[in-house]
Amino acid sequence: MIALNKWSLLQTGKLGSKFGAIAMVIVLMVACDDDDENVDAGNSVSNIRIVEVDAANDQVTLKNFGEGDADISDFFFCNQRNYVAVSQTTNNGTDLNLSQNEEITFTIPIDDNASDVAIYNTGGSFTSADVMVDFMQYGGSFTSTGRENVAVEKGIWTAGEFIEGGSPFTYGGDGTTNGASTWESTTDTSTGESNVRLILVNSSSDEVTLKNFGDADADISAYIFCNRRVYTALSGTANNGSDLILSSDEEIIFTIPIDNEASDVSIYSSNAFTSADAMVDFMQYGGSFTSTGRENVAVEKGIWTENEFVPNPGPFRYTGDGDQNGASFWE
């Protein structure tokens with residue numbers, strides 16, 4: 001056995017203390033290094049955004065703008081409060097784990113003319129801004145029938161704003177920018193003007209034909225027929241299978257009840273039926289409907305003359321070039 005004196009034990013204790021202190025410093029340094037690594041890893045987050053909505057083909061494309069992988073298998077689509085689980089939706093053959101900058105296209109039913117489109121990271125909490133991931137709307141503002149209010153609460157949309165023009169709609173932001181101004185319509189309607197006119201009224205078959213004489217697309221989804229103060233929304237009226245965005249020179253036929261002998265027929269861009277600004281076009285046949293129709297509005301608008309009408313028999317066809325008005329341009 002080796003004998004240790006008191007001094008040797010004291011020296012050994014000091015040495016042990018020094019080694020203990022050095023070891024503690026090393027542990028602290030490693031811990032700090034580990035913290036730094038966790039911070040870096042924490043910045044590598046996913047960022048899923050809607051980047052294209054092709055309403056005509058019922059397709060929505062998502063993209064991961066983040067630095068980390070994104071598992072979207074629990075996500076839900078929502079459009080006008082119709083909910084579809086991403087996992088139950090047909091896509092372009094991609095799995096549901098998106099790497100950085102990866103895109104995926106889904107096929108879901110979407111209205112051709114107007115809708116909101118949102119994605120949520122879970123189902124059942126569609127009124128929660130916390131679980132909404134992204135949102136856009138086109139063709140109108142869906143405050144009561146969509147989830148615009150949730151997007152406004154989340155701070156990614158402005159109340160009442162929507163993307164104008166025709167589909168497809170493309171997101172032009174960098175993944176951090178929001179709102180309708182970051183979206184654009186692939187169908188450019190910024191140049192030229194639309195000019196929708198009545199061109200055929202066939203009272204015997206209850207058919208009315210409209211045509212866009214303009215050089216820009218015309219969205220007529222909010223238009224309303226008026227005949228003898230009976231009002232019918234075009235969106236709820238049977239037509240010949242066309243959508244309600246008319247390209248230049250495109251025609252569309254609607255079926256609405258019309259009097260065989262005499263009536264006025266007009267179209268409005270909104271339900272302000274006494275407003276000349278809201279009236280789009282007007283004609284009347286078989287008589288003058290000053291008190292029971294909207295002749296006075298057409299006179300105020302400058303597109304008809306008081307007490308003027310197209311004489312029977314019909315059908316009645318417009319022969320003008322889109323800028324000419326009055327009974328003399330009907331036959």
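What you are looking at is a predicted structure, and each value in this text was computed from that prediction instead of being measured.
Under the 4.5 Å side-chain criterion, counting only non-hydrogen atoms from C-beta, Thr89 is not in contact with Asn91. Using a 4.5 Å cut-off on side-chain heavy atoms (C-beta onward), Ile108 and Ile110 make contact. Between Leu210 and Leu198, the closest side-chain pair of non-hydrogen atoms falls below 4.5 Å. Contact annotation: the side chain of Leu200 never approaches that of Glu251 to less than 4.5 Å [non-hydrogen atoms, C-beta and beyond]. Between Ser46 and Leu98, every side-chain heavy-atom pair lies at or beyond the 4.5 Å cut-off. Residues Ile258 and Phe225 fail the side-chain proximity criterion, which asks for heavy atoms closer than 4.5 Å. Counting heavy atoms from C-beta on, the side chains of Asp134 and Ile156 come closer than 4.5 Å. Between Val53 and Tyr138 there is a side-chain heavy-atom pair separated by less than 4.5 Å.
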- Message: For a side chain to side chain contact (heavy atoms under 4.5 Å, CB included) check, start with the C-alpha distance between Leu96 and Phe75, then their side-chain angles and the critical distance, and finish with the verdict.
- Response: CA-CA 10 Å; Leu96 299 180; Phe75 278 31; over 6 Å; no
- Task: Output, in order, the C-alpha distance, side-chain angles, deciding distance and verdict of side chain to side chain contact (heavy atoms under 4.5 Å, CB included) for Val86 and Phe106.
- Result: CA-CA 8 Å; Val86 164; Phe106 293 90; 3.4 Å; yes
- Criterion side chain to side chain contact (heavy atoms under 4.5 Å, CB included) on Arg197 and Tyr318, from CA distance to verdict: CA-CA 9 Å; Arg197 302 297 302 261; Tyr318 175 71; 3.8 Å; yes
- Go through Asn121 and Asp74 one step at a time and tell me if the side chain to side chain contact (heavy atoms under 4.5 Å, CB included) criterion holds. CA-CA 6 Å; Asn121 61 24; Asp74 292 329; over 6 Å; no
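Between Ser221 and Ser235, the shortest heavy-atom contact is O-CB, 3.6 Å. For the pair Ser141 and Gly160, the tightest heavy-atom approach, listed with the atom from each and the gap, is OG-CA, 3.5 Å. Taking each heavy atom of Asp69 and Ser99 in turn, the nearest pair found is OD1-CA, 3.4 Å.
Judged by distance alone, the side chain of Glu295 and the main-chain N or O of Asn307 form a donor-acceptor pair under 3.5 Å. A donor-acceptor pair is defined here as one N or O able to donate and one able to accept, closer than 3.5 Å; no such pair exists between the side chain of Gln100 and the backbone of Asn64. With Asp264 contributing its side chain and Arg228 its backbone, the two residues share a donor-acceptor pair below 3.5 Å. When atom types are taken as modelled, the side chain of Glu300 and the backbone of Ala276 share no donor-acceptor pair closer than 3.5 angstrom. Remark: side-chain polar atoms of Ser194 are not paired, donor with acceptor, to backbone N or O of Ala218 under 3.5 angstrom. A side-chain donor-acceptor contact under 3.5 Å links Asn47 to the backbone of Gly175. In terms of modelled atom types and a separation under 3.5 Å, the side chain of Thr319 and the main chain of Phe329 share a donor-acceptor contact. Counting only distance, with no hydrogens or angles, the side chain of Asn227 and the backbone of Pro257 share a donor-acceptor pair below 3.5 Å. Of the possible donor and acceptor atoms, none in the side chain of Glu193 sits under 3.5 Å from a partner among the backbone N and O of Gly214. Judged purely by atom type and a 3.5 angstrom limit, Ser185 uses its side chain to pair as donor or acceptor with the backbone of Gly166.
A single hydrophobic cluster is not seen to contain both Ile253 and Ile245; linkage of ILVMFWY side chains at heavy-atom distances under 4.5 Å, directly or through other members, places them apart. Cluster annotation: Val152 and Val133 are assigned to distinct hydrophobic clusters (Ile/Leu/Val/Met/Phe/Trp/Tyr, side-chain heavy-atom contacts under 4.5 Å, transitive). In the hydrophobic clustering of ILVMFWY residues, with side-chain heavy atoms under 4.5 Å counting as a link, Val280 and Trp330 come out together. Criterion: ILVMFWY side-chain heavy atoms under 4.5 Å apart, direct or through other members. Under it, Ile104 and Tyr120 are part of a common hydrophobic cluster. Taken together through direct or relayed side-chain contacts under 4.5 Å among Ile, Leu, Val, Met, Phe, Trp and Tyr, Phe142 and Phe169 form parts of separate hydrophobic clusters.
One distance of note links CG of Asp116 with SG of Cys78; it measures 5.5 Å at 0.5 Å rounding. In this structure, Ile224 CD1 and Thr237 OG1 are separated by 10.0 Å, a value rounded to the nearest 0.5 Å. Summarising the geometry, atom CD1 belonging to Ile220 is positioned 8.5 Å from atom CG belonging to Asn113; distances are rounded to the nearest 0.5 Å. The CG atom of Asp112 sits 11.0 Å away from the CG atom of Asp219 when rounded to the nearest 0.5 Å. Taken to the nearest 0.5 Å, the CZ atom of Arg81 stands 12.5 Å off from the CG atom of Asn79. Here the straight-line distance linking atom OH of Tyr223 with atom CG of Leu246 works out to 8.5 Å at 0.5 Å rounding.
Side-chain polar atoms of Thr290 and Glu306 form no donor-acceptor pair below 3.5 angstrom. Judged purely by distance below 3.5 Å, without hydrogens or angles, the side chains of Asn202 and Ser205 pair a donor atom with an acceptor atom.
Here Arg294 pairs with nothing under the salt bridge (Lys or Arg N to Asp or Glu O under 4.0 Å) rule; sequence neighbours left out.
Between Phe65 and Tyr171, the ring planes lie perpendicular to each other; the angle is over 60°, past the 30° to 60° tilted range.
Of the residues listed (Arg49, Glu52, Glu103), the one engaging Lys63 in a side-chain contact (heavy atoms from CB on, under 4.5 Å) is Glu103, and it is the only one.
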